[in-house]
Amino acid sequence: MQQAHILIVEDELALQKLVVTVLNKEGFVNVHTASNAEEALLINEQIQLHCIILDVMLPGRSGFEIAPLLRLKTEAPILFVTARTTDLDKLTGFALGGDDYMTKPFNPLELAARVKVQLKRHLSYQQAIQHAQGSVDSLSKHDRAALESINEERTSYTSQSTRDIYDFGRFQVDEQAGELIVAGQSMDCPAMVFQLLLYLCKHPNRIFSKGELYEQVWGLDAVKDDNTVMVHIHRIRERIEEMPSEPSYLVTVRGMGYKLLSRPKRKEG
């Protein structure tokens, strides 16, 4: 992991140098820097990056503007860093392909810890893909064709009764297909939003604190961040609720956390 290529896109040179120093002390030797959008895009073209720390308020084009362009060339996790703290800014960051979001001022050691978490997930995912691909590539042409045939038959044979589908009336969550159906229509659902919703579906009518949800969905080794949970709860409500501002399924229990109801809450009045 220490050999990972990390890009810091930050126009405040003092902060840029501080982050580089902290990452170097944590053992990362391939740390690249950019002070504007153009430099960042150029480095992304030239180097296979494993993590990008991206400031939002850049001169010229902002971090929000170039994030989709970076994403066209890399699957590396993007960690937004900014002084903008509104929920809308955070939602925008996640919608544009961001994997994490930190607000200034921040503790550089916490930033390094978040980078490690993102790298661990990203590298594990890449290794799993390579391993799976290598296993398939090692098969003979005949065996590979047979495997593909078996997979096709298994896919076509699988029935709803044998799949883990959580039905809440208005919406259904199909764990095996990784699909969210709302009012009969398939709904786009980013990976972590789906994982959080799936966890709640598996434990209906139970109250979870933000910390509990973060540990269960993001992992015990992750750096807890209540804002991340709140943003993802908001994104779930946008998908499953008729009125996200007045949720009937994913409700807030004041002072305690969140609960997904197996039956929708009745509207008062």
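Sequence positions, counted from 1, serve as the residue numbers for this chain.
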Undergrad: Taking Ala76's backbone N and O only, do any of them form a donor-acceptor pair with Arg71's side chain (distance below 3.5 Å, no angle check)?
TA: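 Yes, because the side chain of Arg71 sits within donor-acceptor range (under 3.5 Å) of the backbone of Ala76.
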
Undergrad: Give, for atom OG of Ser209 and atom CD of Glu215, the distance between the pair rounded to the nearest 0.5 Å.
TA: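 The distance works out to 7.5 Å.
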
Undergrad: Would you call Arg61 and Glu38 a salt bridge, using N to O less than 4.0 angstrom?
TA: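 Between Glu38 and Arg61 there is a salt bridge, with a charged N closer than 4.0 Å to a carboxylate O.
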
Undergrad: Which heavy atom of Leu54 sits nearest a heavy atom of Gly63, and at what distance?
TA: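 Closest heavy-atom pair between Leu54 and Gly63: CD2-O, 3.5 Å.
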
Undergrad: Is there side-chain contact between Ser186 and Leu180, with heavy atoms separated by less than 4.5 Å?
TA: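 Of all side-chain heavy-atom pairs linking Leu180 with Ser186, none is under 4.5 Å.
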
Undergrad: Any side-chain heavy atom of Lys210 sitting closer than 4.5 Å to one from Tyr258?
TA: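 They are in side-chain contact.
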
Undergrad: Check the hydrophobic clustering (I, L, V, M, F, W, Y; side-chain heavy atoms under 4.5 Å; chains of links allowed) and say if Tyr214 and Leu198 are grouped together.
TA: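 Yes, Tyr214 and Leu198 fall within the same hydrophobic cluster.
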
Undergrad: Side-chain contact test, heavy atoms from C-beta onward, threshold under 4.5 Å: evaluate it for Val193 versus Phe94 and give yes or no.
TA: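 No, their side chains stay 4.5 Å or more apart.
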
Undergrad: What pair of heavy atoms forms the shortest contact from Gly257 to Ile207, and how long is it?
TA: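 Minimum heavy-atom separation between Gly257 and Ile207: N-CG2, 4.2 Å.
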
Undergrad: Report yes if some heavy atom in the side chain of Asp55 is under 4.5 Å from a heavy atom in the side chain of Asp11; otherwise report no.
TA: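 Yes, at least one pair of side-chain atoms sits under 4.5 Å.
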
Undergrad: Can you see which heavy atom on Ala40 is nearest to which on Leu70, and at what distance?
TA: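 For Ala40 and Leu70, the tightest heavy-atom pair comes out as O-CD2, 4.1 Å.
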
Undergrad: Membership question, hydrophobic clusters at under 4.5 Å side-chain separation (ILVMFWY): are Ile47 and Ile66 in the same one?
TA: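 Looking at the clustering, Ile47 is in the same group as Ile66.
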
Undergrad: Is Asp100 salt-bridged to Lys116, going by a charged N under 4.0 Å from an acidic O?
TA: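 Answer for the salt bridge query: no.
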
Undergrad: Nearest 0.5 Å, what's the CD-CG distance between Glu10 and Asn36?
TA: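 If I round to the nearest 0.5 Å, the distance is 11.5 Å.
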
Undergrad: Can the ring centroids of Phe80 and Phe64 be said to lie less than 6.0 angstrom from one another?
TA: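 Phe80 vs Phe64: aromatic centres under 6.0 Å.
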
Undergrad: Using a cut-off of 6.0 Å, state whether more than 12 heavy atoms not belonging to Met192 lie near its atom CE.
TA: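 Yes - once you tally the heavy atoms of other residues, nucleotides and ligands closer than 6.0 Å, there are more than 12.
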
Undergrad: With clusters defined by side-chain heavy atoms of hydrophobic residues (ILVMFWY) lying less than 4.5 Å apart, directly or transitively, does Met102 cluster with Phe28?
TA: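 Yes, one cluster joins them.
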
Undergrad: Going by heavy atoms in the side chains, are Lys104 and Thr82 under 4.5 Å from each other?
TA: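 Counting from C-beta outward, Lys104 and Thr82 never come under 4.5 Å.
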
Undergrad: I want to check something: taking the side chain as every heavy atom from C-beta on, are Leu196 and Ile233 in contact at a cut-off of under 4.5 Å?
TA: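 Yes. Closest side-chain heavy atoms under 4.5 Å.
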
Undergrad: Report yes or no: does Glu241 contribute a side-chain atom to a donor-acceptor pair with the main-chain N or O of Pro247 at less than 3.5 Å?
TA: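 The answer is no, because no donor-acceptor pair under 3.5 Å joins these two groups.
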
Undergrad: Would you find a donor on one side and an acceptor on the other, under 3.5 Å apart, between the side chain of Glu246 and the backbone of Met243?
TA: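 Checking the backbone N and O of Met243 against the side chain of Glu246, no donor-acceptor pair under 3.5 Å is found.
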
Undergrad: Drop me the distance from Leu7's CG to Ile78's CD1, to the nearest 0.5 angstrom.
TA: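 Rounded to the nearest 0.5 Å, the CG-CD1 separation comes to 10.0 Å.
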
Undergrad: May I ask you to decide if Thr228's main-chain N or O and His232's side chain share a donor-acceptor pair within less than 3.5 Å?
TA: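 Here the side-chain-to-backbone pair exists.
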
Undergrad: Between Arg239 and Ile181 (side chain of the first, backbone of the second, donor and acceptor by atom type, cut-off under 3.5 Å), is there such a pair?
TA: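 A pair under 3.5 Å: no.
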
Undergrad: Using a 4.5 Å cut-off on heavy atoms from C-beta on, say whether the side chain of Thr74 contacts that of Gln48.
TA: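 Side-chain contact under 4.5 Å: no.
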
Undergrad: Testing the 3.5 Å rule here: is there a donor-acceptor pair between the side chains of Ser262 and Asn205?
TA: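 On atom types as modelled, these side chains qualify, holding a pair under 3.5 Å.
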
Undergrad: Looking at Ala34 and Ile43, what are the two nearest heavy atoms and their distance?
TA: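 The answer is CB-CD1, 4.2 Å.
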
Undergrad: Drop me the distance from Leu69's CG to Glu45's CD, to the nearest 0.5 angstrom.
TA: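 It is 10.0 Å, given to the nearest 0.5 Å.
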
Undergrad: How far does CZ of Arg114 sit from CG of Leu109, to the nearest 0.5 angstrom?
TA: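 Output value for this atom pair is 13.0 Å.
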
Undergrad: Pro108 and Val22: which non-hydrogen atoms are nearest, and at how many Å?
TA: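 Heavy atoms of Pro108 and Val22 come nearest at CB-CG2, 3.6 Å.
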
Undergrad: Consider only side-chain heavy atoms of I, L, V, M, F, W and Y, link residues closer than 4.5 Å, and tell whether Val173 and Met187 are in one cluster.
TA: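 Same cluster: Val173 reaches Met187 through Ile, Leu, Val, Met, Phe, Trp or Tyr contacts under 4.5 Å.
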
Undergrad: Is there a donor-acceptor pair under 3.5 Å between the side chain of Arg235 and the backbone N or O of Val231?
TA: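 No; zero donor-acceptor contacts below 3.5 Å.
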
Undergrad: What I want to check is whether the side chains of Asp99 and Gln118 have a donor and an acceptor closer together than 3.5 Å.
TA: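 Judged by distance alone, the side chains do not pair up.
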
Undergrad: To the nearest 0.5 Å, how far apart are CD in Glu39 and NE2 in His32?
TA: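 With rounding to 0.5 Å, CD (Glu39) is 13.5 Å from NE2 (His32).
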
Undergrad: How close do Asp174 and Phe194 get, counting heavy atoms only, and between which atoms?
TA: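 Closest pair (atom of Asp174, atom of Phe194, distance): O-CZ, 3.6 Å.
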
Undergrad: Check the pair Glu242 / Arg237 against salt bridge (charged side-chain N to carboxylate O under 4.0 Å, His left out), numbers first and verdict last.
TA: CA-CA 9 Å; Glu242 289 188 76; Arg237 285 172 172 165; over 6 Å; no

Undergrad: Taking it one step at a time, do Ile6 and Leu119 satisfy side-chain contact (heavy atoms from CB on, under 4.5 Å)?
TA: CA-CA 9 Å; Ile6 302 172; Leu119 281 173; 4.1 Å; yes

Undergrad: Do any N or O atoms from the side chain of His50 and from the backbone of His5 form a donor-acceptor pair under 3.5 angstrom?
TA: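 Side chain of His50 to backbone of His5, a donor-acceptor pair under 3.5 Å: yes, one is there.
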
Undergrad: Do Phe171 and Tyr249 have ring centres separated by under 6.0 Å?
TA: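 Yes, ring centres under 6.0 Å apart.
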
Undergrad: Please tell me if the side chains of Ile52 and Leu79 come closer than 4.5 Å, counting only heavy atoms from C-beta onward.
TA: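 No, side chains not in contact.
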
Undergrad: When you measure from the side chain of Ser62 to the backbone N and O of Leu58, does any donor-acceptor pair fall under 3.5 Å?
TA: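 No, because the side chain of Ser62 does not come within donor-acceptor range (under 3.5 Å) of the backbone of Leu58.
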
